[in-house]
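For reference, the structure discussed in these notes is given below.
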Amino acid sequence: MIAFQDAQVQVNQIEINPFHQREADLENATARGNALLEAWAPFAEGKNGIFTNPILTEIGVKYGKSAAQVILRWNFERGIVSLAKSVKKERMAQNIDIFDFELTTDDKAKIASLESSTSQFFDHDDPASVDRFVTFVKTRNI
Ligand SMILES: NC(=O)c1ccc[n+]([C@@H]2O[C@H](COP(=O)([O-])OP(=O)(O)OC[C@H]3O[C@@H](n4cnc5c(N)ncnc54)[C@H](OP(=O)(O)O)[C@@H]3O)[C@@H](O)[C@H]2O)c1
C-alpha cells in the first residue's frame, strides 16, 4: 500500500543481480506484503564478467546449466521475477529453461558471497542521477 493513496503496487522493478542482491529490499517487501520484486538487468548487462564468473559457472556445471541460468534460477527461488533480455533465440530458450534443477544451500551461500551492495550502474541516491531521470522523463513526455 502506498501511504497516501489506496492503490496497491503490484510489481516493484529494481536493479537486482548477483553483485547487487537487494536482500533487505526483498525482506522488507515480503514482511509488508508489498509488491512482487522484479529484477531489471538481472545479468548486470554482462558487467564484471558475470557470464564467466567462476562461482556461477561452477555451480552451473553441476546441473548442466550456464551462469545465466544459475542467476535466473537464483532469482526464481527468491520469488523474484527476472526481466532478462536477449536478442538471440537460443539464449531466450536457455533463459526459460531453469525449471529442472534446484540450488542447494551451499550454492546459495556461494552466490551470496558475490554481493558488493553496490549498483552496477549508478547511485540512485545521487542528486545527479535524479536530475538525469527527470530530464529523461521530461524529454519523452512520459
Ligand atoms: N527500470 C530500469 O531502470 C531498467 C534499467 C535497465 C534495464 N531495464 C530493463 O531490464 C531488461 C533487461 O536489461 P538489460 O538488457 O539492460 O540487461 P540484462 O538482461 O542484465 O543483460 C542483457 C545482456 O545479457 C546478454 N544475455 C542474455 N541472455 C544471455 C545468456 N543466456 N548467456 C549469455 N548472455 C546473455 C544479452 O546479449 P544478447 O542480447 O546478445 O543475447 C545482453 O548483452 C530490459 O528489458 C531493460 O529495458 C530496466
Side-chain angles (χ1 to χ4, degrees), residues 1-5 7-104 106-142:
M1 179 77 72
I2 298 174
F4 300 106
Q5 64 179 49
Q8 172 73 46
V9 176
Q10 300 297 317
V11 176
N12 186 12
Q13 191 186 116
I14 57 175
E15 177 191 348
I16 305 174
N17 56 65
F19 306 129
H20 194 33
Q21 306 194 357
R22 312 297 293 264
E23 196 54 40
D25 296 288
L26 180 57
E27 279 168 23
N28 184 46
T30 307
R32 290 167 182 262
N34 271 353
L36 196 65
L37 292 190
E38 181 172 57
W40 62 252
F43 304 140
E45 294 183 357
K47 287 178 193 287
N48 294 338
I50 199 165
F51 296 118
T52 54
N53 179 280
I55 287 178
L56 299 171
T57 52
E58 275 168 32
I59 293 171
V61 164
K62 290 197 297 175
Y63 308 109
K65 300 290 178 182
S66 67
Q69 289 169 305
V70 170
I71 294 167
L72 297 175
R73 179 73 202 185
W74 167 71
N75 268 340
F76 173 71
E77 290 186 15
R78 299 168 81 209
I80 294 172
V81 175
S82 289
L83 184 56
K85 168 254 160 188
S86 178
V87 296
K88 298 187 174 67
K89 198 175 168 183
E90 61 278 12
R91 284 183 179 164
M92 291 179 200
Q94 187 192 119
N95 292 350
I96 205 166
D97 181 21
I98 61 159
F99 300 106
D100 57 355
F101 73 110
E102 226 173 282
L103 299 171
T104 63
D106 184 51
D107 294 336
K108 286 183 243 190
K110 285 179 178 155
I111 297 172
S113 76
L114 295 174
E115 171 70 304
S116 71
S117 300
T118 308
S119 168
Q120 299 305 293
F121 299 94
F122 47 81
D123 179 357
H124 292 73
D125 296 324
D126 179 356
S129 302
V130 177
D131 286 345
R132 268 200 312 279
F133 276 121
V134 171
T135 305
F136 177 88
V137 171
K138 276 187 176 166
T139 55
R140 283 166 181 78
N141 279 329
I142 295 172

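One-based numbering, in listed order, for ligands and for the atoms of each. Keep in mind that this is a model prediction, so the values were computed, not measured.
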Give a yes or no on whether a salt bridge exists between Lys62 and Glu58, defined as a side-chain N under 4.0 angstrom from a carboxylate O.
no

[atom] - nearest protein heavy atom and its distance:
atom	value
atom 41 (O) of ligand 1	Ser86 OG, 2.6 Å
atom 10 (O) of ligand 1	Ala41 N, 3.5 Å
atom 44 (C) of ligand 1	Lys85 CB, 4.2 Å
atom 46 (C) of ligand 1	Leu83 CD2, 4.9 Å
atom 39 (O) of ligand 1	Val87 N, 2.9 Å

Give a yes or no on whether the backbone of [Y] and the side-chain of [X] come within a donor-acceptor separation of less than 3.5 Å.
X	Y	value
Glu38	Leu36	no
Glu77	Trp74	no
Arg22	Asn17	no

Counting only heavy atoms, tell me which of Phe51, Trp40, Phe121, Phe133 gets closest to atom 34 (N) of ligand 1.
Phe51

Taking the minimum heavy-atom distance to atom 33 (C) of ligand 1, which of Arg91, Glu38, Met92 ranks first?
Arg91

Under a 4.0 Å heavy-atom limit, does [X] contact ligand 1 with its side chain, its backbone, both, or neither?
X	result
Glu45	both
Ala68	side chain
Asn95	side chain
Gln69	neither
Ala67	neither

Are any of the protein's heavy atoms under 4.0 angstrom from atom 17 (O) of ligand 1, yes or no?
yes

Candidates Asn48, Ile71, Ile50, Ile55 - the one meeting side-chain contact (heavy atoms from CB on, under 4.5 Å) with Leu114:
Ile55

So for atom CG, which belongs to Leu83, do other residues, nucleotides or ligands contribute more than 12 heavy atoms lying within a distance under 6.0 Å?
yes

What are the atoms of ligand 1, with element, lying closer than 4.0 Å to any heavy atom of [X]?
X	answer
Ala44	20 (O)
Gln13	1 (N), 2 (C), 48 (C)
Lys88	38 (P), 40 (O), 41 (O)

Where does the angle between the aromatic ring planes of Phe133 and Phe122 fall among parallel (under 30°), tilted (30 to 60°) and perpendicular (over 60°)?
perpendicular

Within a strict 4.5 Å, meaning less than it, do heavy atoms of the Tyr63 and Glu102 side chains meet?
no

With a 4.5 Å heavy-atom cut-off, do Ile98 and Lys65 have their side chains touching?
no

Compute the shortest N/O to N/O distance between [X] and ligand 1 and return yes if it is under 3.5 Å, no if not.
X	value
Ser66	no
Ala84	no
Phe43	yes

What pairs with Ser119 under side chain to side chain contact (heavy atoms under 4.5 Å, CB included), at least two apart in sequence or on another chain?
Glu15, His20, Phe121, His124

With a 3.5 Å cut-off and no angle check, do the side chains of Arg32 and Asn28 form a donor-acceptor pair?
yes

For the residue pair Asn75 / Ser82, report whether a side-chain donor-acceptor contact shorter than 3.5 Å exists.
yes

